[in-house]
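Working notes, structure below.
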Amino acid sequence: MSVWNERMSHGLQTDGCQHNAISYLQFTSRFGLAKKVPVDGEISFKDLAATIGINTAAITSILRLGIAFRIFREPRPGFIAHSAASRQMVSDTRVSDWVAVTTEELWPATQKLTDALTTWPKAAEPNQTGFSLANKTDLPFHEVLVQNPERARRFGGAMSSFTTGEAYSLRHLTDGYCWSSFAPGTVVDLGGSHGDAAFALVRKYPGLQLLVQDLPGVISNSKTEEGLDVRFMAHDFFEEQPVKNADVYYFRWTLHNWPDVYCVKALRALIPALKKGARILIIDAVMPPPGALPNGLDRKLRAMDLTMLEVGNARERELEEWKALLIEADARFKFRDLHQPPGSALAIFEAIWDE
Ligand SMILES: C[S@@+](CC[C@H](N)C(=O)[O-])C[C@H]1O[C@@H](n2cnc3c(N)ncnc32)[C@H](O)[C@@H]1O
């Protein structure tokens with residue numbers, strides 16, 4: 001039992017209540033509690049409970065767990081006020097979007113992982129996952145989201161929230177590759193969501209023209225910025241690429257959502273558009289061998305790997321696995337280099353079209 005106690009208290013069940021902590025965040029997010037607490041004041045548990053129509057004792061138990069995690073405060077018994085963390089859920093919609101996506105999209109998928117593997121042991125198709133069971137759907141993850149504009153919007157917001165941290169900072173993208181050598185030139189961002197990466201690139205390299213492609217429901221939520229050469233286009237990356245002869249085509253944090261055959265399909269869909277020497281970048285994690293990283297980092301990468309399984313029967317890949325996808329897609333894709341910016345969760349896997 002002592003081994004289990006040690007495991008429980010060091011991560012398997014942080015402080016004995018990881019599942020409760022997620023439940024707490026889900027409740028907070030679904031009922032929009034952060035916006036119901038005055039930004040610079042306080043409200044009683046009783047009044048908050050009345051506002052959302054939930055039993056006061058229940059809401060008190062739930063909120064006090066969050067307060068123990070420093071999300072909200074109890075400045076005097078029975079009253080709730082903002083902490084720095086809860087205030088961010090009001091001031092930065094990307095944070096509240098991230099909480100909503102984690103608790104309403106990912107957590108239900110996690111809970112159904114074992115059921116999904118029991119139902120579909122081959123785990124081969126993106127629509128045979130924990131997410132599929134949780135949503136009672138035959139559609140892949142991203143297609144479900146785009147059918148519901150609010151879910152698509154908040155997923156885009158959650159993606160943006162990652163760029164505020166060091167591991168997914170867009171600085172690694174802008175500084176980690178020789179973009180200036182392609183200016184002036186055209187760069188296509190496939191699955192580029194609301195264009196955060198594209199905007200970062202043109203801000204630093206004004207000679208670049210960026211074209212962001214994503215599914216229609218995502219593109220409809222995207223906004224151009226005056227003075228920045230970023231355009232948006234609805235395009236399914238499994239269909240033939242309509243933008244011909246661009247200098248660079250990149251997939252950032254996108255192919256890890258898809259099983260191998262789908263990645264191969266997306267790469268082949270580029271071929272009719274490619275000129276000799278075009279660069280194809282896959283910007284994604286490159287998994288180290290098991291146990292090679294410090295344990296804390298290893299857990300984060302393995303957790304992201306599992307999330308990909310839960311939502312798409314996909315996975316994070318090792319370098320040789322990325323190379324194998326390229327070869328499978330077409331022998332004229334040649335691996336050129338791997339750029340791993342220090343501190344970045346994502347590497348830049350560079351290939352060149354060599355016809
Ligand atoms: C994990 S997000 C990454 C977003 C962005 N590239 C980033 O770095 O934050 C994956 C993106 O791929 C898009 N996507 C998924 N399937 C797609 C498809 N078939 N064609 C185009 N975009 C797709 C999703 O809508 C989503 O915006």
Side-chain angles (χ1 to χ4, degrees), residues 94 97-98 101-102 105-106 109 125-127 129 131 139-165 167-174 176-177 187-201 210-222 230 232-243 248-259 261-270 273 280-285 304-305 307-317 341 344-349:
R94 295 171 300 183
D97 288 339
W98 175 80
V101 166
T102 302
E105 308 288 4
L106 304 184
E125 291 297 323
N127 62 350
T129 63
F131 180 84
L139 294 174
F141 178 73
H142 288 293
E143 285 185 37
V144 171
L145 294 194
V146 295
Q147 288 201 342
N148 180 326
E150 172 52 19
R151 284 172 79 178
R153 185 210 60 73
R154 83 183 177 188
F155 184 77
M159 290 300 97
S160 296
S161 80
F162 277 92
T163 62
T164 60
Y168 296 93
S169 164
L170 293 171
R171 183 173 46 76
H172 300 308
L173 173 75
T174 56
Y177 188 64
V187 177
V188 180
D189 179 341
L190 295 108
S193 191
H194 295 167
D196 292 327
F199 287 123
L201 281 171
L210 261 289
L211 198 83
V212 178
Q213 298 178 332
D214 208 300
L215 297 170
V218 177
I219 292 297
S220 61
N221 278 313
S222 304
V230 176
F232 290 90
M233 171 192 261
H235 171 63
D236 178 340
F237 54 53
F238 297 123
E239 304 294 328
E240 182 176 320
Q241 174 56 243
V243 180
V248 183
Y249 296 83
Y250 72 87
F251 297 86
R252 180 178 186 271
W253 217 23
T254 297
L255 291 185
H256 76 151
N257 289 147
W258 295 95
V261 285
Y262 290 83
C263 294
V264 166
K265 193 172 172 193
L267 288 167
R268 284 185 183 152
L270 289 175
I280 301 92
L281 306 181
I282 299 173
I283 303 164
D284 246 316
M304 185 63 85
D305 185 36
T307 300
M308 294 307 110
L309 181 67
E310 290 154 359
V311 302
N313 276 328
R315 67 183 196 285
E316 303 294 347
R317 296 177 172 88
S344 174
L346 307 178
I348 302 175
F349 176 98

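Heavy-atom basis, side chains included; hydrogens, waters and symmetry copies ignored. First listed ligand is number 1; within each ligand, the first listed atom is number 1.
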Exercise for the section: Let me know which of D284, I282, I283 forms a side chain to side chain contact (heavy atoms under 4.5 Å, CB included) with I348. Expected result: I283
Could you list the atoms of ligand 1 found under 4.0 angstrom from a heavy atom of [X]?
X	answer
W258	16 (N)
V218	25 (O)
D236	18 (C), 19 (N), 20 (N)
F238	19 (N)

Practice task
Mark yes or no for whether T164, through its side chain, and S160, through its backbone, hold a donor-acceptor pair below 3.5 Å.
Solution key: no
Problem - Donor-acceptor contact present, side-chain D214 to main-chain S193, <3.5 Å - result: yes
Exercise for the section: Compute the minimum heavy-atom distance from H235 to ligand 1 and say whether it is under 4.0 Å. Expected result: yes
Exercise for the section: May I ask whether F251 places a heavy atom under 4.0 Å from ligand 1? Expected result: no
Mind checking the [atom1]-[atom2] spacing from [X] to [Y]? Nearest 0.5 Å is all I need.
X	Y	atom1	atom2	value
Y168	R252	OH	CZ	9.0 Å
L267	F237	CG	CZ	10.0 Å
R315	T307	CZ	OG1	15.5 Å
T163	F199	OG1	CZ	12.5 Å

Identity and separation of the nearest protein heavy atom to [atom]:
atom	result
atom 4 (C) of ligand 1	G191 O, 3.4 Å
atom 2 (S) of ligand 1	M159 SD, 3.7 Å
atom 27 (O) of ligand 1	D214 OD2, 2.7 Å
atom 1 (C) of ligand 1	W253 O, 3.1 Å

Mind checking whether [X] contacts ligand 1 via backbone (N, CA, C, O), side chain (CB onward), both or neither, at a 4.0 Å heavy-atom cut-off?
X	value
R252	both
Y262	neither
N257	side chain

Practice task
Under the ring pair (Phe, Tyr, Trp, His ring centres under 6.0 Å) rule, what do F251 and W258 come out as? Steps first, then yes or no, please.
Solution key: CA-CA 12 Å; F251 297 86; W258 295 95; over 10 Å; no
Problem - Polar proximity ligand 1 side, F237 side, N/O cut 3.5 Å exclusive - result: yes
Practice task
Kindly say whether the aromatic ring centers of F155 and F141 come within a distance under 6.0 Å.
Solution key: yes
